[in-house]
Amino acid sequence: MAKTETSPDAARPWQSYHTVYTNAKAGMDGVDKEKVQRIVYEVSKGSKFFENEERKEAFIRQKIENMRSRCAKITSADSSHYRTHKTVKSGLSSSKYICETVAEKRIVELEATRDLSRVWIHVDMDAFYAAVETLSNPLLEGKPMAVGSMSMISTANYEARKFGIRAAMPGFIAHKLCPELIFVRPDFKKYTHYSDLTRKVFRRYDPNFMAASLDEAYLDVTEVCTEKGTSGEEVAKEIRAGVFEETGLTCSAGVAPNRLLAKVCSDINKPNGQFVLPNNRMAVVTFISSLPIRKVNILTEKPHGQLYLQIGGIGKVTEHILRDALGISTCEEILQKASYICALFSHSTSGLELSPVSAQDMLLTDTPEVRLRKSISNERTFSATGDETLLYRKLDPFEVLKSIQARTLKKSTNS
DNA sequence: ATACATACC
DNA sequence: GACTGGTATGTAT
């Protein structure tokens, strides 16, 4: 009997354990994903973390079931509408007919915001922390290496990625995937130093460039292109050469009419490459059509200081819901099923999901002149305990202070 | 108002 | 044995 993709296979229980580690990522092309998935599952199985993941998965599955049944209702209301030529009401306030009108209106609004007049470059350093560590210790060259600890990995170099190891993976799982993996403790002083060197280069092309993290920045080079009579492609090449000259590190770049697209483009020819999406409606629409929904990101509109936040987007959970409830995996399918999205999600969530329609940055609005930091926090993970005394001790202001001081001291003394 | 969930690096 | 930490937004209750 033919096996369908959706039927759970009891012989392959690891297939139902969803992690982010098998997503398409630069340097992960030749990886045996099935094997990685199996090892991750085997190492994780039975842990408290794993149990919690299963609990969350079950909740999401239930949410998907609800959505599917609401979908079915919308569709049947729709067909009765066309059969009887009567207005559909009686509890079914959201017939497909009404949803389509709402969706069409929103799409028209989004289309109107499309702007192809700017040239944006997104620069993304290649395996940044790992590359910096290799600069200061050339013995690491060519060997699988990760910056982080047995608990958590921040960055893996390309040799390590061949084993399926990547950022946000716990070190002990990475060790199972590659026992020879070298671990290097993070040293943020070093990364900040090299980050500053790259920013000196960025400033030459856009004094108001926006840094999204130590290793990523958005530059508006529209004026540079006009003044010098050059193209975004040429400017990106210059920037990458400049960064290499200043730091000895490689980076990748994406050139596009807006930040959302530029970020997607910088990943295409990683590492040490670039990709240009021309400011041309046809090219942009074609590009967006085949784009996996997971690539959709949103950003805050104004920086605090030089920092530009990348928040939200379609992540693991939303991707799962859209795929299993509505059969959506590309941005083109978002457009086709826009009426369902408008019917099933809140206004702001559907706005996020529909944003690729206009191939436009999804920006947070209602922004003050300069967006200020809204919160500051400091957290510590400790092992599970039922010991009440210990828990209260963790919360004791004096203990908290001591812990923060200890960490601050550690940071300023290493190297 | 508060807790919880999702997201990004 | 071990699944971070900082900041932000959205949703449910």
Side-chain angles (χ1 to χ4, degrees), chain A residues 17-21 23 25 40-41 43-57 59-60 63 66 122 124-125 127-129 146-156 165-176 183 185-186 188 191 195 210-218 259-260 263 266-267 293-305 307-322 344-353 362-367 371-384 403-404 407 411:
Chain A
Y17 183 52
H18 294 115
T19 64
V20 297
Y21 311 132
N23 283 341
K25 251 243 153 188
V40 170
Y41 173 81
V43 176
S44 307
K45 194 171 53 169
S47 69
K48 278 278 181 293
F49 180 90
F50 180 91
E51 281 170 21
N52 194 241
E53 286 298 297
E54 287 207 307
R55 187 187 57 81
K56 289 195 285 186
E57 274 283 324
F59 187 77
I60 292 166
K63 215 167 146 178
N66 285 340
H122 178 248
D124 194 355
M125 300 300 294
F128 185 53
Y129 299 170
V147 174
S149 67
M150 278 302 188
S151 301
M152 189 48 64
I153 285 173
S154 308
T155 312
I165 295 164
R166 43 162 292 169
M169 178 182 272
F172 66 93
I173 294 179
H175 177 76
K176 273 282 190 320
F183 285 89
R185 315 302 305 208
F188 285 91
Y191 313 145
S195 180
M210 294 152 178
S213 63
L214 288 179
D215 74 318
E216 261 182 70
Y218 294 90
R259 286 160 288 202
L260 186 154
K263 181 172 165 62
S266 72
D267 209 47
I293 55 175
R294 191 59 185 270
K295 300 279 188 181
V296 176
N297 272 297
I298 57 172
L299 312 155
T300 51
E301 191 172 357
K302 295 277 177 174
H304 6 258
L307 239 195
Y308 194 72
L309 293 175
Q310 276 178 209
I311 54 165
I314 295 179
K316 185 182 88 145
V317 175
T318 315
E319 179 187 42
H320 187 175
I321 292 173
L322 286 177
L344 297 170
F345 297 92
S346 73
H347 188 82
S348 79
T349 306
S350 61
L352 157 67
E353 288 157 0
M362 177 70 191
L363 293 173
L364 301 171
T365 46
D366 71 23
T367 325
R371 196 171 269 264
L372 297 170
R373 173 152 66 185
K374 288 181 178 162
S375 75
I376 184 163
S377 63
N378 196 289
E379 57 184 83
R380 219 57 45 93
T381 305
F382 52 89
S383 39
S403 169
I404 292 173
R407 184 184 278 182
K411 268 190 183 163

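Please read all numbers here as calculations on a predicted model, not as lab measurements. Protein chains get the first letters and strands the later ones, always in sequence-line order, with residue 1 at the start of each. Just the heavy atoms: all of them, side chains too, but no hydrogens, waters or symmetry mates, feed the values below.
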Open item on the list: Both I321(A) and L214(A) contact DNA chain B. Taking the nearest nucleotide for each, which residue is further toward the 5' end?
Closed with: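 On the 5' side of the pair lies I321(A).
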Open item on the list: Here's a test of your reading of the structure: between D215(A) and F59(A), which maps to the more 5' nucleotide of DNA chain B?
Closed with: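 Upstream on the strand: F59(A).
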Look at all strands and tell whether [X] reaches a base, only sugar-phosphate, or nothing, counting heavy atoms closer than 4.0 Å.
X: I314(A); value: sugar-phosphate
X: F382(A); value: nothing
X: E53(A); value: nothing
X: K48(A); value: nothing
X: I376(A); value: sugar-phosphate

Write out a two-atom table: protein N or O, nucleotide N or O from nucleotides 11-13 of chain C, distance below 3.5 Å.
from	atom 1	to	atom 2	distance (Å)
dT11(C)	OP1	S346(A)	OG	2.6
dT11(C)	OP1	T349(A)	OG1	2.0
dT11(C)	OP2	S346(A)	OG	3.4
dT11(C)	OP2	S348(A)	OG	3.4

Task: T381(A) side chain near dG5(C) phosphate (N/O to OP1/OP2, under 4.0 Å) - done: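 Checking dG5(C) against T381(A), a side-chain N or O does come within under 4.0 Å of OP1 or OP2.
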- [ ] Please check the phosphate of dC3(C) (OP1 and OP2 only) for any side-chain N or O of R166(A) closer than 4.0 Å.
- [x]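 Result: no.
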Task: Distance-only polar pair, side chains of S346(A) and T349(A), donor-acceptor under 3.5 Å - done: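 Yes, because at least one side-chain N or O of S346(A) sits under 3.5 Å from a partner of the opposite role on T349(A).
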Task: Partners passing side chain to side chain donor-acceptor pair (under 3.5 Å) against E216(A) (at least two apart in sequence or in another chain) - done: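 E216(A): side chain to side chain donor-acceptor pair (under 3.5 Å) contacts with H122(A), K263(A).
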Open item on the list: My understanding is that only residues two or more places apart in sequence, or in another chain, count here; which of them pass side chain to side chain donor-acceptor pair (under 3.5 Å) with S350(A)?
Closed with: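 Partners of S350(A) under the side chain to side chain donor-acceptor pair (under 3.5 Å) test: R106(A).
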Open item on the list: Please pick, from dA2(C), dT4(C), dG6(C), the nucleotide with the shortest atom-to-atom distance to any side-chain atom of M150(A).
Closed with: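 Closest nucleotide among those given: dA2(C).
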Open item on the list: Among dT7(C), dG5(C), dA2(C), which nucleotide has an atom closest to any side-chain atom of S375(A)?
Closed with: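 Comparing dT7(C), dG5(C), dA2(C) against the side chain of S375(A), the answer is dT7(C).
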Task: Quiz item: S44(A) side-chain donor-acceptor pair to dC3(C) base, under 3.5 Å - done: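 Yes, the side chain and the base share a sub-3.5 Å donor-acceptor pair.
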Rounding to a whole Å, what distance do you find between [X]:[atom1] and [N]:[atom2]?
X: N297(A); N: dA8(C); atom1: CG; atom2: P; value: 17 Å
X: I404(A); N: dG6(C); atom1: CD1; atom2: C1'; value: 13 Å
X: R185(A); N: dG5(C); atom1: CZ; atom2: P; value: 12 Å
X: F183(A); N: dG1(C); atom1: CZ; atom2: C1'; value: 13 Å
X: E51(A); N: dC3(C); atom1: CD; atom2: C1'; value: 14 Å
X: K176(A); N: dA2(C); atom1: NZ; atom2: P; value: 12 Å
X: N378(A); N: dG6(C); atom1: CG; atom2: C1'; value: 9 Å
X: E379(A); N: dA8(C); atom1: CD; atom2: P; value: 13 Å

Task: Between dA2(C) and dA7(B) - C1' atom distance, rounded Å - done: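 Result for the C1' pair: 24 Å, nearest Å.
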TODO: Rounded to whole angstrom, note down the P distance from dC3(C) over to dC8(B).
DONE: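 Rounded to whole Å, the distance is 22 Å.
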Side-chain contact test, heavy atoms from C-beta onward, threshold under 4.5 Å: evaluate it for [X] versus [Y] and give yes or no.
X: L322(A); Y: F345(A); result: yes
X: I60(A); Y: H18(A); result: no
X: I314(A); Y: E353(A); result: yes

TODO: Shoot me the first and last contacting nucleotide of DNA chain B against chain A, ordered 5' to 3', at under 4.0 angstrom to non-hydrogen atoms.
DONE: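 Endpoints of the contacted stretch of DNA chain B: dT6(B) to dC9(B).
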- [ ] Please assess I404(A) against R380(A) for the test side chain to side chain contact (heavy atoms under 4.5 Å, CB included), listing each intermediate value before the final yes or no.
- [x] CA-CA 9 Å; I404(A) 292 173; R380(A) 219 57 45 93; 4.0 Å; yes
Task: Residue list, side-chain contact (heavy atoms from CB on, under 4.5 Å) with V43(A), at least two apart or on another chain - done: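 By the side-chain contact (heavy atoms from CB on, under 4.5 Å) rule, V43(A) matches I39(A), F172(A), I173(A), K176(A).
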TODO: With sequence neighbours excluded, tell me which residues meet side-chain contact (heavy atoms from CB on, under 4.5 Å) with T155(A).
DONE: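 T155(A) satisfies side-chain contact (heavy atoms from CB on, under 4.5 Å) with A127(A), Y129(A), A130(A), R161(A) only.
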- [ ] Decide yes or no on side chain to side chain contact (heavy atoms under 4.5 Å, CB included) for Y191(A) and V147(A), but give the supporting numbers first.
- [x] CA-CA 12 Å; Y191(A) 313 145; V147(A) 174; 3.5 Å; yes
TODO: Would you kindly compare S377(A) and S154(A) by the position of their nearest DNA chain C nucleotide and give the one closer to the 5′ end?
DONE: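 Of the two residues, S154(A) wins.
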Task: Rounded distance (nearest 0.5 Å) linking atom CE of M125(A) with atom CG of L214(A) - done: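 M125(A) atom CE to L214(A) atom CG measures 11.0 Å (nearest 0.5 Å).
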